[in-house]
Amino acid sequence: MFKILERETLAEHINKFVVEAPLIAKKALPGQFVILRLHEKGERIPITICETDPEKGTITLVVQEVGKTTYELGTYQAGDEIADIIGPLGKPAEIEKVGTVVAIGGGVGTAIVYPEAKAFKEKGNYVISIIGFRSKRFVILEEEMRKVSDELYVTTDDGSYGMKGFVSDKLKELIEEGRKIDLVIAIGPAIMMKVVSDLTRPYGIKTIVSLNSIMVDGTGMCGACRVEVGGKTRFACVDGPEFDGHQVDFDLLIKRLAMYKEEERIALERYLKERGKA
Ligand SMILES: Cc1cc2nc3c(=O)[nH]c(=O)nc-3n(C[C@H](O)[C@H](O)[C@H](O)COP(=O)(O)OP(=O)(O)OC[C@H]3O[C@@H](n4cnc5c(N)ncnc54)[C@H](O)[C@@H]3O)c2cc1C
Ligand code: FES
């Protein structure tokens with residue numbers, strides 16, 4: 001059992017959990033994730049390790065409520081326990097000194113790009129961060145991102161905070177201003193990563209994305225997370241989750257992510273109904 005030591009609501013439907021997991025905290029590197037199961041009857045879901053504290057033996061997870069399991073986790077409080085957490089899984093991000101790195105986070109993707117922006121900054125890179133949200137009430141980790149960035153830009157789709165528009169609009173502005181960019185890391189919804197990769201491709205700017213494909217075992221055995229990268233089938237859980245954005249078949253990824261939409265809708269509806277009754 002893995003005890004939740006702290007729980008905080010960061011924004012509407014986005015919660016942060018500090019969980020006791022000393023072995024994972026000791027080994028985890030930026031870019032890696034865990035697979036958790038809330039209880040014996042729960043499904044397994046992958047969540048990125050946002051922060052670790054090896055001395056305290058804790059890991060921090062930031063989770064957006066999008067379906068049954070994440071809504072259920074949203075009801076967990078400090079003192080509650082998560083039945084299983086396995087990890088760290090996936091390949092760690094390649095953190096090198098390259099010059100100027102643009103770290104892009106879309107929505108909850110901000111929590112995933114945060115440890116990488118921090119690691120790139122610690123390596124001596126100039127870090128420009130762009131974080132984007134639907135609206136002001138969904139903004140998360142702004143101060144944390146500011147601390148690890150040389151420049152920080154916030155965008156909102158509706159213009160209620162920061163620059164009105166998408167993260168890709170700000171990136172386009174930087175490119176058109178002639179800013180020297182050596183590497184882009186883009187993490188967020190698949191469509192955002194696709195748009196960013198399409199934008200940087202003609203400029204030859206190396207672009208790394210973190211693929212959020214559906215995962216079950218997380219160890220390369222089940223094939224659920226398969227993606228196509230450079231015309232080859234790869235398993236996001238063991239070959240990734242990070243890949244060269246210019247090589248990813250995003251249309252296939254988006255299609256596969258929508259495969260269980262109806263089942264997911266029914267499961268969430270049933271869960272919320274039962275919770276309402278309780
Ligand atoms: C490597 C990786 C890291 C991730 N890190 C984070 C994170 O740090 N914070 C966060 O909020 N979310 C993260 N996600 C997404 C998270 O796993 C899904 O939001 C979660 O599984 C949804 O489960 P659900 O039962 O609440 O929703 P469901 O109703 O079951 O599904 C809603 C949507 O979530 C996605 N999803 C569902 N099941 C899975 C699954 N087993 N694996 C992957 N995606 C699934 C699908 O796109 C689906 O349409 C990550 C995904 C991956 C692959
Ligand atoms: S999640 Fe099963 S092979 Fe990747």
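Values reported hereafter were calculated over all heavy atoms of this structure, with side chains retained and with hydrogens, waters and symmetry mates removed. In listed order, ligands and their atoms are each counted from 1.
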Exercise. Can you check whether Glu173 reaches Met163 side chain to side chain, under 4.5 Å on heavy atoms?
Worked result: yes
Exercise. Does the protein put a heavy atom less than 4.0 Å from atom 38 (N) of ligand 1?
Worked result: no
Exercise. Arg44 heavy atoms, cut-off 4.0 Å: which ligand 1 atoms fall inside?
Worked result: 41 (N)
Exercise. Same cluster for Val101 and Ile104 if Ile/Leu/Val/Met/Phe/Trp/Tyr side chains link at under 4.5 Å?
Worked result: no
Exercise. Which residue supplies the protein heavy atom nearest to atom 26 (O) of ligand 1, what is that atom called, and how far is it?
Worked result: Thr70 OG1, 2.4 Å
Exercise. To which of Ile112, Val62, Ile214 does the heavy atom nearest atom 44 (N) of ligand 1 belong?
Worked result: Ile214
Exercise. For Thr48, is at least one N or O under 3.5 Å away from an N or O on ligand 1?
Worked result: yes
Problem set entry | Between Thr69 and Glu43: side-chain donor-acceptor atoms closer than 3.5 Å | yes
For this session: Answer yes if the side chains of Ser135 and Ser160 hold a donor-acceptor pair under 3.5 Å, and no otherwise.
Result: yes
Exercise. Quick one: CD1 on Ile59 to NZ on Lys27, what's the gap to the nearest 0.5 Å?
Worked result: 13.5 Å
Exercise. Any idea which protein heavy atom is nearest atom 11 (O) of ligand 1, and the distance to it?
Worked result: Gln64 N, 2.8 Å
Problem set entry | Distance-minimising heavy-atom pair for Asp150 and Asn125 | OD2-O, 3.8 Å
Problem set entry | Nitrogen or oxygen atoms of Met215 and ligand 1 under 3.5 Å apart | yes
For this session: Check whether the ring centres of Tyr71 and His13 lie less than 6.0 Å apart, and answer yes or no.
Result: yes
Problem set entry | Listed protein N/O/S atoms, distance to atom 2 (Fe) of ligand 2 under 2.8 Å | Asp217 OD1, Cys222 SG
Problem set entry | Close approach of Glu65 to ligand 1, heavy atoms, under 4.0 angstrom | no
For this session: Do me a favour and list the nearest non-hydrogen protein atom to atom 12 (N) of ligand 1 with residue, atom name and distance?
Result: Ile47 CD1, 3.7 Å
Exercise. Would you call Lys68 and Glu72 a salt bridge, taking side-chain N to carboxylate O under 4.0 Å as the test?
Worked result: yes
Exercise. Going by heavy atoms in the side chains, are Val34 and Ile24 under 4.5 Å from each other?
Worked result: yes
Exercise. What protein heavy atom is closest to atom 47 (O) of ligand 1, reported as residue, atom name and distance in Å?
Worked result: Leu257 CD2, 3.6 Å
Exercise. So do the side chains of Glu116 and Ile187 get within less than 4.5 Å of each other, counting heavy atoms only?
Worked result: yes
Problem set entry | Distance-only donor-acceptor check, side chains His39 and Glu81, under 3.5 Å | no
Exercise. Just which atoms of ligand 1 are under 4.0 Å from any heavy atom in Lys261?
Worked result: 49 (O)
Problem set entry | Atom indices of ligand 1, in the order listed, that fall short of 4.0 Å to a heavy atom of Ile45 | 21 (O), 23 (O)
Problem set entry | Shortest reach to atom 24 (P) of ligand 1 by a heavy atom, considering only Pro189, Gly74, Gly67, Ala111 | Gly67
Problem set entry | Close-contact set for ligand 1 against Thr69 heavy atoms, below 4.0 Å | 24 (P), 25 (O), 26 (O)
Exercise. Between Thr58 and Asp53, does a side-chain hydrogen bond (donor to acceptor under 3.5 Å, both in side chains) hold up when you go through it step by step?
Worked result: CA-CA 5 Å; Thr58 59; Asp53 187 331; 4.8 Å; no
For this session: Among all protein heavy atoms, pick the one closest to atom 53 (C) of ligand 1 and tell me residue, atom and distance.
Result: Ser213 O, 3.1 Å
Exercise. Can you check whether Val154 reaches Phe133 side chain to side chain, under 4.5 Å on heavy atoms?
Worked result: yes
Exercise. Any side-chain heavy-atom pair from Leu10 and Asn15 closer than 4.5 angstrom?
Worked result: no
Exercise. Got Phe250 and Leu211 here, is their nearest side-chain heavy-atom distance under 4.5 Å?
Worked result: yes
Seminar exercise, completed: Filtering Ala190, Cys225, Ser210, Pro46 for the heavy atom nearest atom 52 (C) of ligand 1 leaves Pro46
Problem set entry | Heavy-atom proximity to atom 46 (C) of ligand 1, best of Glu264, Glu43, Glu263, Arg256 | Glu264
Exercise. Among all protein non-hydrogen atoms, which one is nearest to atom 34 (O) of ligand 1, and what is the separation to 0.1 Å?
Worked result: Val66 CG2, 4.1 Å
